[in-house]
Amino acid sequence: MPREARIRIICTSLCHSDITYWKMQELPAIFPRILGHEAIGVVESVGEDVTEITKGDIVIPIFIADCEECIDCKSTKSNLCSNFPFKISPWMLRYANTTRFTDLNGEIIHHFMFASSFSEYTVVDIANLLKIDPTIPPNRACLLSCGVSTGVGAAWKTANVEAGSTVAIFGLGCIGLAVAEGARLCGATRIIGVDIRPEKFDIGKKFGVTDFINSGECGNKSVSQIIIEMTGGGADYCFECVGMASLVHEAYASCRKGWGKTIVLGVDKPESMLSLNCNGVLVQGKTLMGSLYGGLKPKSDVPILLKRYMDKELKLDEFVTHEVEFKDINKAFDLLVKGECLRCVIWMDK
């Protein structure tokens, strides 16, 4: 179709969002569906009116659109495209209720996050595709489709972490560690990691984590009380990277009055609610905000991250803990469900 491209996937990595929607029973879950959204591939063919890429180009699909034309895409203040707002849709981006997948009986198979990368071939709208330098290793570039970009971007673009500041990160999975990496690159001098698994501290040190709080061993104190005591009033920036409303409250309580910012990155259940004391919001003067894809504009900001990786500034290698062939994709799911990997890269042609 016009403004679409057919992509042959080279490799894809497994993100926790794939597991979330695999296990989800209610809408926006829908089956059958091809999951996967962190990937890299080569353009096999393009539809009408596609001038940005051509056959043979190396591209990464990114789940939020960047049309480069609407007021939001042209603004420095937002990465939330107005022409193609993000949603967990089972269809193509600009053609409602249409799919490019069918089974052997001709029955439709639904899309996922406009990428559906757990397939040898997929079709992606041009607004969701970024052409990249073919010399960048594919098993590293694919990480910037979602998780690592989200974490690094949240520190860099959304929070605008300042040099010398203090950061607290709730949850040291891939996104939380990517936040630490972003905060390190921004010059934060103290990065506090909060997790229930003590081994995460040793992993976190690779990405700049300086202090660790085991949230399961805080005694009669809350995590926020400990952070306030450690920092003399609270962290400058707090990031919730798990997806639990209770942790959003704890992160908000942990940030400093007056200028503290709490950034929400984790995805809780759709019906989950936050409850904040109105007087406390007024008096404390804190900021609470969400960050989709780390506030990054895919077509202008991701190339900067790729360059920083090639210049050996941004760490990507350390996020890849496992690599498997596509036939072993269930092993990747098992590793991530058990918390035994950060990112498992799945190769299509090996």
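All of these numbers come straight from a predicted model, not from anything done at the bench.
Relative to the six-membered ring of Y21, K23 misses at least one condition, a distance below 6.0 Å or an angle of at most 45° to the axis. Geometrically, K286 engages Y252 in a cation-pi contact, judged by NZ or CZ lying under 6.0 Å from the ring centre and within 45° of the ring axis.
Remark: the E162 side chain and the Y237 side chain contain an N/O donor-acceptor pair separated by less than 3.5 Å. Between the side chains of S117 and T12, at least one donor N or O sits under 3.5 Å from an acceptor N or O. Side-chain contact, D317 with Y309: a donor N or O sits under 3.5 Å from an acceptor N or O. With 3.5 Å as the limit, one finds no donor-acceptor pair spanning the side chains of H110 and T99. S145 and E38 share no side-chain donor-acceptor pair at under 3.5 Å.
In this structure a side-chain-to-backbone donor-acceptor pair under 3.5 Å is present from R256 to G234. In this structure, S13 contributes its side chain and V345 its backbone to no donor-acceptor pair below 3.5 Å. A donor-acceptor contact shorter than 3.5 Å links the side chain of N128 to the backbone of I62.
In this structure, NE2 on H37 lies 5.0 Å from CG on D18, to the nearest 0.5 angstrom. Rounding to the nearest 0.5 Å gives a distance of 9.5 Å between CZ of F239 and CD1 of I191. Atom CD1 of residue I136 and atom SG of residue C142 lie 11.5 Å apart, to the nearest 0.5 angstrom. Note that CG of L93 and CD1 of I126 are 11.5 Å apart. Values are rounded to the nearest 0.5 Å. Atoms NZ and CG, from K205 and D211 in turn, are 10.5 Å apart once rounded to the nearest 0.5 Å.
Contact annotation: the side chain of I64 never approaches that of L80 to less than 4.5 Å [non-hydrogen atoms, C-beta and beyond]. Counting heavy atoms from C-beta outward, F63 and P298 have side chains that stay 4.5 Å or more apart.
The aromatic rings of F86 and F114 sit perpendicular to each other, their planes meeting at more than 60°, with 30° as the lower class boundary. The aromatic rings of F207 and F319 sit tilted relative to each other, their planes meeting at an angle between 30° and 60°.
The pair E4-R100 counts as a salt bridge, with a side-chain nitrogen and a carboxylate oxygen less than 4.0 angstrom apart. A salt bridge does not link D236 with K261: none of the charged nitrogens is closer than 4.0 Å to a carboxylate oxygen. By the 4.0 Å N-to-carboxylate-O rule, R184 lies too far from E313 to be salt-bridged with it. Look at K338 and D334 and you find no salt bridge, because none of the NZ, NE, NH1 or NH2 atoms lies under 4.0 Å from a carboxylate O. Using a cutoff of 4.0 Å between basic side-chain nitrogens and carboxylate oxygens, E318 and K206 are not scored as salt-bridged. Looking at E229 and K221, a side-chain N of the basic residue comes within less than 4.0 Å of a carboxylate O on the acidic one, giving a salt bridge. In summary, R3 and D125 do not engage in a salt bridge, as defined by a charged side-chain N under 4.0 Å from a carboxylate O.
Closest non-hydrogen pair, A115 versus T122, comes out as O-OG1, 2.7 Å.
With sequence neighbours excluded, the residues that form a side-chain hydrogen bond (donor to acceptor under 3.5 Å, both in side chains) with S272 are D268.
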